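Single-structure report; data block below.
All of these numbers come straight from a predicted model, not from anything done at the bench. All chains are named by letter (A, B, ...) in the order of the sequence lines, taking the proteins before the strands, and each is independently numbered beginning at 1.
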2 protein chains.
Amino acid sequence: MARRNDHSRDEIRAMALSAAEALLDREGVAGLSTRKIAAEIGYTVGSLYLVFDNLDDLILQVNARTLAALAEWLDRAALAQPDAAAGVRALGRTYVRYADRHRSRWELIFNRQRASDAVLPDWYLQSVAGLFERVERQLADYAPQRTAADRSLAARVLWSGVHGVCTLALSDRLDIAGIAEAERLTDSLIENYLAGWVNNSGEWQMVREDT
Amino acid sequence: MARRNDHSRDEIRAMALSAAEALLDREGVAGLSTRKIAAEIGYTVGSLYLVFDNLDDLILQVNARTLAALAEWLDRAALAQPDAAAGVRALGRTYVRYADRHRSRWELIFNRQRASDAVLPDWYLQSVAGLFERVERQLADYAPQRTAADRSLAARVLWSGVHGVCTLALSDRLDIAGIAEAERLTDSLIENYLAGWVNNSGEWQMVREDT
DNA sequence: ACCTGAACACCGTTCAAGT
DNA sequence: ACCTGAACACCGTTCAAGT
């Protein structure tokens with residue numbers, strides 16, 4: 001066990017992240033712990049703190065990997081779609097499938113509450129923004145006449161909506177039975193939202209009651 | 001402190017649930033613990049286990065109260081709306097506002113992973129279904145020509161979508177800055193989805209590629 | 001310099017023992 | 001019968017001590 005200079009800091013970091021992913025896949029989000037990760041890589045808990053600030057930092061780096069993998073899935077899916085509407089649908093379905101396939105890794109991104117003072121680092125926020133821009137790019141194709149602000153809002157609505165379907169589907173709520181149902185809901189969301197949106201000047205957004 | 005027969009089981013149960021809510025509001029989801037709840041009501045941890053199966057059971061009963069309160073908010077909001085579309089929008093906004101106002105209680109419903117074998121009791125699932133039916137009822141008004149299955153799907157899409165907006169907005173993702181932005185996204189989601197949906201025969205749902 | 005091992009302050013849960 | 005107090009098996013995090 002305990003040894004010196006067997007691994008560089010970067011090696012230990014990489015080993016820990018892989019061990020965390022394995023643990024996550026095997027035991028779920030609740031099964032993740034610094035002590036288990038340390039045991040898995042043959043080091044003591046203390047050593048993890050030489051390489052990570054704390055568990056939240058470690059998790060953030062696992063999440064970064066997850067986001068990168070999701071980005072690859074999305075890029076593959078968006079390729080070779082007949083049109084932009086199909087592109088958006090493909091992105092939505094791919095998100096659902098990724099979440100289903102790597103459920104615990106996906107849950108880890110959302111199901112952990114960080115300390116409220118802990119601000120997400122810039123590189124992380126940009127990684128999230130990158131995912132989100134893939135939707136915006138499809139929308140630019142789909143509705144070039146709309147303003148960038150309109151498209152940005154629509155992209156956020158669609159992204160949030162698909163995310164919501166995933167959240168409820170993968171936790172078996174609303175009788176959304178598994179991935180097939182989740183994909184149906186995602187299709188319906190995107191198809192109908194886009195149909196309404198493309199015919200909509202955006203002016204209704206000015207009409208807000210003060211209820 | 002330690003006393004006998006000061007309170008009935010039901011009284012202890014009610015005290016514990018109230019203490020849990022207070023703790024939740026004060027310290028957030030992460031601040032909730034059996035030991036703190038017990039201390040707050042002047043009993044020992046062990047006593048909680050005479051009245052609840054375990055922490056998950058206690059949380060489930062806190063969640064039931066939260067759902068009941070949300071149902072009241074939704075009912076008040078749906079009253080006196082000019083039409084069904086406005087009714088759906090009012091439900092959406094009210095959901096967002098409730099989540100914002102009682103953030104920790106709302107998070108508790110979703111942010112805790114129960115053991116995978118733990119099945120939600122029937123009374124709880126029916127309470128969730130009840131919320132959801134409020135949307136379906138508005139949709140029945142809005143599009144009486146659509147089948148019940150169509151409306152059920154649309155209601156789930158809208159509910160999931162609004163939920164997704166909340167999730168991402170209240171965790172400050174996608175640059176969704178707080179409740180005002182969340183309400184804008186919710187409005188856009190509902191308005192455009194309904195516009196697309198009401199003009200849509202539903203046949204596109206049959207056209208599914210096998211990507 | 002690198003890593004350990006033990007400590008600290010917390011958890012959820014159980015259960016013999018007290019009244 | 002009701003409730004406690006201590007125990008058990010876990011946590012995340014820190015840090016003096018060892019090599």
Output the rounded distance in Å from [atom1] ([X]) to [atom2] ([N]).
{"X": "B:D6", "N": "D:dC3", "atom1": "CG", "atom2": "P", "result": "8 Å"}
{"X": "B:N54", "N": "C:dC15", "atom1": "CG", "atom2": "P", "result": "14 Å"}
{"X": "A:L48", "N": "C:dG5", "atom1": "CG", "atom2": "P", "result": "14 Å"}
{"X": "A:H7", "N": "C:dC3", "atom1": "NE2", "atom2": "P", "result": "9 Å"}
{"X": "A:Y43", "N": "D:dG12", "atom1": "OH", "atom2": "P", "result": "20 Å"}
{"X": "B:I12", "N": "D:dA1", "atom1": "CD1", "atom2": "C1'", "result": "12 Å"}
{"X": "B:L50", "N": "D:dT4", "atom1": "CG", "atom2": "P", "result": "9 Å"}
{"X": "B:E11", "N": "D:dA1", "atom1": "CD", "atom2": "P", "result": "20 Å"}

Roughly how far, to the nearest 0.5 Å, is the [atom2] atom of [Y] from the [atom1] atom of [X]?
{"X": "B:W159", "Y": "B:R134", "atom1": "CH2", "atom2": "CZ", "answer": "8.0 Å"}
{"X": "B:S188", "Y": "B:R89", "atom1": "OG", "atom2": "CZ", "answer": "11.5 Å"}
{"X": "A:L32", "Y": "A:R26", "atom1": "CG", "atom2": "CZ", "answer": "11.0 Å"}

Inset, instruction - Keeping the roles fixed (side chain from A:T44, backbone from A:S47), state whether a donor-acceptor pair exists under 3.5 Å. - result: no
Legend entry - Pair pattern of DNA chain C in dot-bracket, where unpaired bases get dots and | marks partners in another strand, Watson-Crick or G-U under 3.5 angstrom: ||.|||||...|||||.||
Legend entry - Annotated protein contacts, base or backbone, on nucleotides 6-11 of chain D with a non-hydrogen cut-off under 4.0 Å, one of B, S, - each: -B---B
Legend entry - Contact under 4.0 Å: A:Y49 side-chain N or O vs D:dT14 OP1/OP2: no
Inset, instruction - Look at A:S47 and C:dC2 and indicate whether a side-chain polar atom (N or O) is within less than 4.0 Å of OP1 or OP2. - result: no
Legend entry - Test applied, side chain to side chain contact (heavy atoms under 4.5 Å, CB included); reference residue, A:T186; option that passes from A:T94, A:V162, A:L91: A:V162
Legend entry - Under the salt bridge (Lys or Arg N to Asp or Glu O under 4.0 Å) test, residues paired with B:E11 that sit two or more places apart: none
Legend entry - A:R101 CZ: over 12 foreign heavy atoms closer than 6.0 Å: no
Legend entry - Lys NZ or Arg CZ of B:R146 over B:W197 ring: under 6.0 Å, within 45°: yes
Legend entry - Check ion pair B:R13-B:D10 (N to O, under 4.0 angstrom): yes
